[in-house]
A.B. asks: 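Following this message is one structure expressed as structure tokens.
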Amino acid sequence: MVTWESDRLMKDLREQTAGLARAAAAGDPDATVPTCPEWRLSDLVAHIGQAPRWAADLVRKAAPLPIPDPREVDPGAPAGWERWLTDGAEELIEAVRDAGERAEVWSVVGMVPPAFWLRRMLNDISVHHYDAAAATGAPFEISAELAADVITEGMELLSAPAAEDFKPELAELRGSGECLAIRPYDAEGWLVSRTPDGPRWERASGEGDVTVRGPAAELMLVLTGRVPAREVTGDRELLDHWLAHTRF
């Protein structure tokens, strides 16, 4: 389900892509990205330049395409990174506009409106913006509203019927009613139940068998495996198990 209007998604996609580009340009292309240690900074830039173009092709063709490998793409010299990255975002925006709101396109969760890919790429780029900033020491900013949507979309993907086909280890999230509570200070929270059929969630504030608190931006980074949780009450092993099986 896409919850934000397309104009807002386009605006934030441009802003987060530009922010990532500025952060990356300050670093060494061969430097290791500490939050994605399997990548060099140039691999991260290659992924962010490549992914929206791949999504644009998905929208145009309305059919699945092989997931590209960023190591097979040369992002060029850092001086050209900002233009290359922002051009990729614009290509996706143009493809979504051309497709129209009533079109249906392929995704890992089934046929979806084209704006699905605006949101998916925006949220992926928002997290990788932090990765670039962590690699170069650049500042990172994200609104509580956008950080909360990154978390919400993550819950939607993890609980989608086809999720285990895409990521088999998600089967480990089945349970007998164990509850995780995610409680941001600056947004509505999430309650997640581990049922025999997989995780189920709702936007609600409450206590769980484990409860993690913090600003929405920090909780986004916790749930995507970028930073450790600082404020946790209850069964910490339950949270650790969730985090170990949910990072994409």
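Predicted, not measured: the structure shown is a model, and the values here were computed from it.
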A.B. asks: Only counting residues at least two apart or in another chain, list the ones meeting ring-ring contact (aromatic ring centres under 6.0 Å, His included) with H47.
C.D. replies: W39, H128
A.B. asks: Which side-chain N or O atoms in residues 187-196 pair as donor and acceptor under 3.5 Å with protein atoms at least two apart or in another chain?
C.D. replies:
{"unit_1": "W190", "atom_1": "NE1", "unit_2": "T152", "atom_2": "OG1", "d": "3.1"}
{"unit_1": "R194", "atom_1": "NE", "unit_2": "L173", "atom_2": "O", "d": "3.1"}
{"unit_1": "R194", "atom_1": "NH1", "unit_2": "H241", "atom_2": "ND1", "d": "3.3"}
{"unit_1": "R194", "atom_1": "NH2", "unit_2": "E172", "atom_2": "O", "d": "3.1"}
{"unit_1": "R194", "atom_1": "NH2", "unit_2": "R174", "atom_2": "O", "d": "3.3"}
{"unit_1": "T195", "atom_1": "OG1", "unit_2": "D197", "atom_2": "N", "d": "3.1"}
{"unit_1": "T195", "atom_1": "OG1", "unit_2": "G198", "atom_2": "N", "d": "3.3"}
{"unit_1": "T195", "atom_1": "OG1", "unit_2": "G198", "atom_2": "O", "d": "2.6"}

A.B. asks: Salt bridge or not between E5 and R119? Use side-chain N to carboxylate O under 4.0 Å.
C.D. replies: no
A.B. asks: Do any pairs count as a ring pair (Phe, Tyr, Trp, His ring centres under 6.0 Å) and have a residue in residues 208-227, sequence neighbours left out, and if so which ones?
C.D. replies: none
A.B. asks: Does this structure show an ion pair linking D240 with R236, if we count only N-O contacts that are shorter than 4.0 Å?
C.D. replies: yes
A.B. asks: Does the distance from a Lys or Arg side-chain N to an Asp or Glu carboxylate O, for E231 and R183, drop under 4.0 Å?
C.D. replies: no
A.B. asks: Does CZ belonging to R83 count more than 12 external heavy atoms closer than 6.0 Å?
C.D. replies: no
A.B. asks: Any side-chain donor-acceptor pair under 3.5 Å between S159 and W201?
C.D. replies: yes
A.B. asks: Tell me the closest heavy-atom pair linking E104 and A62, and the distance in Å.
C.D. replies: O-CB, 3.8 Å
A.B. asks: Sort and list the pairs that fulfil side-chain hydrogen bond (donor to acceptor under 3.5 Å, both in side chains) and have at least one residue in residues 48-68, not counting sequence neighbours.
C.D. replies: D57-R60, R60-E91
A.B. asks: Could you give all pairs that pass the ring pair (Phe, Tyr, Trp, His ring centres under 6.0 Å) test and reach residues 134-164, with sequence neighbours left out?
C.D. replies: H129-F140, Y130-F140
A.B. asks: So how far is it from I48 CD1 to L20 CG, rounded to the nearest 0.5 Å?
C.D. replies: 5.5 Å
A.B. asks: Minimum heavy-atom separation for L85 to T17, with atom names?
C.D. replies: O-CG2, 3.5 Å
A.B. asks: Name all pairs fulfilling the salt bridge (charged side-chain N to carboxylate O under 4.0 Å, His left out) condition that reach into residues 131-141, sequence neighbours left out, sorted by first residue then second.
C.D. replies: D131-R226
A.B. asks: Determine the minimum heavy-atom distance between P70 and A46, stating which atoms define it.
C.D. replies: O-CB, 3.4 Å
A.B. asks: For L92 and L13, work out which heavy atoms get closest and say how close.
C.D. replies: CD2-CD2, 4.2 Å
